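Written below as structure tokens is the structure these notes are about.
On a predicted model such as this, the values are computed, not experimentally measured, just so you know. Numbered from 1 within each chain, the chains take letters A, B, ... in sequence-line order.
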There are 2 protein chains.
Amino acid sequence: MSTASQSGGTGLTSVPAPVVARMPGYLQALDELAAAGQQTVSSEELAGRCSVGSAILRRDLSHLDFAGRRGVGYDTVALGTAVRRFLGLDRTRRIAIAGAGRLGSAIADYAAVRFSGFELTAVFDTAPEVVGTTVGGAPVLPIEQLPAAAAEDGIEMLIIAVPAPAAQTVAEAAVAAGITGLLNFAPTMVTVPEGVHVRHVDLASELRVLAHYTAPAQPAGIDSTDLRNTRPREHAL
Amino acid sequence: MSTASQSGGTGLTSVPAPVVARMPGYLQALDELAAAGQQTVSSEELAGRCSVGSAILRRDLSHLDFAGRRGVGYDTVALGTAVRRFLGLDRTRRIAIAGAGRLGSAIADYAAVRFSGFELTAVFDTAPEVVGTTVGGAPVLPIEQLPAAAAEDGIEMLIIAVPAPAAQTVAEAAVAAGITGLLNFAPTMVTVPEGVHVRHVDLASELRVLAHYTAPAQPAGIDSTDLRNTRPREHAL
DNA sequence: CCCTGTGAACCACTTCACAGCC
DNA sequence: GGCTGTGAAGTGGTTCACAGGG
């Protein structure tokens, strides 16, 4: 069985992954509403802003330790707080970036890194000419210092923005340093031991998926290049 | 939030969105295998490389106009061709980037943009000092020329890498120019008319989701430490 | 009434298991 | 024997619709 240990792990009732994935959207909308001075939202309105159905929004929120007011709606600030806590953002999370190249620098300067409950602690790189400089308000350190800096500053997450060949090595160093969350931008799959979370973000994949949806209808025609398979299976749809 | 809306104009895709999302992973693995000289793969081996089950891989491939050989496996090159066609990458797709800032430049230089079946045709920006330069091998043009360039060069997809406040405006210009696929990196939701596909890629959301999974168990409420590698490719940047 | 919260129905993707072909 | 392709069963997220509180 491949990935045998996948859902077993930490036993208890976990929140479905799709629900977790929607939470940041709710949080952003709530922050905007709160900033605009709106005190309450109905599930209908909030759902509309997030392009989801109101039923699913209500069910998602039922996973939170929070209740709305029937006949009224949700308190924007209080719900935002609840969602933040759910995401583990009720305290500031320390993050670092591996790779001070163009991508790493762009990410470092991206406001979200600093204003969404995160604190960029360091950027790691191997190139001597960038070590010692500052990127996105954080010092660029030699990658050898990752373990020490991670332990010292309590870094919990690492954004991997290095070339593909270096990604696995960086990931392993990060794991060894006690980091348990990786956001991998390198176009390579990294493997990590159980207990470490990796989210892989791949521009090429995204573009390719988009390409599928923007492709004109092409019924499989005679232009087919493979002639070796004698059975031209007809697909059901 | 990820794109779930398909229903392309011609009623083509009845292929489930999760299947489409996994195809790029198969393609990359197949390309690697083919480059390594391996002629056939079993579903077991290919699935292992993509961290999915072999059953799901076989079912995914059943959506293609392609057949493997029982007792042998799949021809790596031929299957790669079939997957490429499925993704609409059997012909080169023209793309452009809006925003020649750090992020836009990083994306433009990203090899995947050029070596995965895409051709970067132009980069658009408003800043006079960058217009006229070259980024990632493509000319930087004033954003006003988007419609003309899109029509002239047959641009089908646009990567939005502009500041959030400009994203919706850019999206509307793109739609008006006949572009039907948008990859939005701006931390804002853009709304488009039906028939246009948007994939939203949000670093802040990714980090927040990761924060949830790396958060220590919480006293009140539901702790969820869900390890499942749920959707290996969904968001990017 | 209005809007939330949720049991129950629904649907869609996943997984199993094996028939069919190599 | 090995491996694909697929009906059938299983699972889990979504949607419905209404009970229940303000």
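In this structure, CD of B:Glu44 is placed 15 Å from P of C:dA17, rounded to the nearest angstrom. In this structure, CD of A:Glu45 is placed 16 Å from P of C:dC2, rounded to the nearest angstrom. Atom OH of B:Tyr74 is separated from atom C1' of D:dG5 by 7 Å (rounded to the nearest Å). Protein atom CG of A:Leu61 is 10 Å distant from nucleotide atom C1' of C:dT4, rounded to whole Å. Across the protein-nucleic acid pair, B:His63 atom NE2 and C:dA12 atom C1' stand 11 Å apart, rounded to whole Å. Put simply, CG on A:Asp75 is 13 Å from P on C:dT4, counting in whole angstrom units. A:Leu64 has its CG atom 12 Å from the P atom of C:dT6, to the nearest Å. Taking atom CD1 of B:Ile56 as the reference point, atom C1' of D:dT6 lies 14 Å away to the nearest angstrom.
If you check C:dT6, C:dT14, D:dT14 against the side chain of A:Pro18, the one that comes closest is D:dT14.
Taking only side-chain nitrogens and oxygens, A:Ser43 comes nearer than 4.0 Å to OP1 or OP2 of C:dT4. Listed pair A:Arg22 / D:dT14 meets the phosphate criterion, a side-chain N or O lying under 4.0 Å from OP1 or OP2.
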For this session: Take A:Gln38 and A:Glu45, measure what side-chain hydrogen bond (donor to acceptor under 3.5 Å, both in side chains) needs, and give me the verdict at the end.
Result: CA-CA 12 Å; A:Gln38 189 168 332; A:Glu45 181 181 3; 3.0 Å; yes

For this session: Could you go through the side-chain contact (heavy atoms from CB on, under 4.5 Å) check for A:Ile159 and A:Leu182 one step at a time?
Result: CA-CA 6 Å; A:Ile159 297 175; A:Leu182 298 173; over 6 Å; no

Problem set entry | Stepwise side-chain contact (heavy atoms from CB on, under 4.5 Å) check, B:Arg93 with B:Met157 | CA-CA 8 Å; B:Arg93 310 295 294 271; B:Met157 296 180 248; 3.7 Å; yes

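Annotation: side chain of B:Gln28 is in contact with side chain of A:Asp202 (closest heavy-atom distance under 4.5 Å).
Under 3.5 Å, the side chain of B:Arg69 and the base of D:dG2 form no donor-acceptor pair of N or O atoms. For A:Arg70 against D:dG20, a side-chain-to-base donor-acceptor contact under 3.5 Å is present.
Among the atoms of the strands shown, base atoms are found under 4.0 Å from some heavy atom of B:Arg58.
Comparing A:Arg59 and B:Gly71, the nucleotide of DNA chain C nearest to each residue sits closer to the 5' end for A:Arg59.
Using modelled atom types and a 3.5 Å distance limit, the side chains of A:Arg69 and A:Thr40 yield no donor-acceptor pair.
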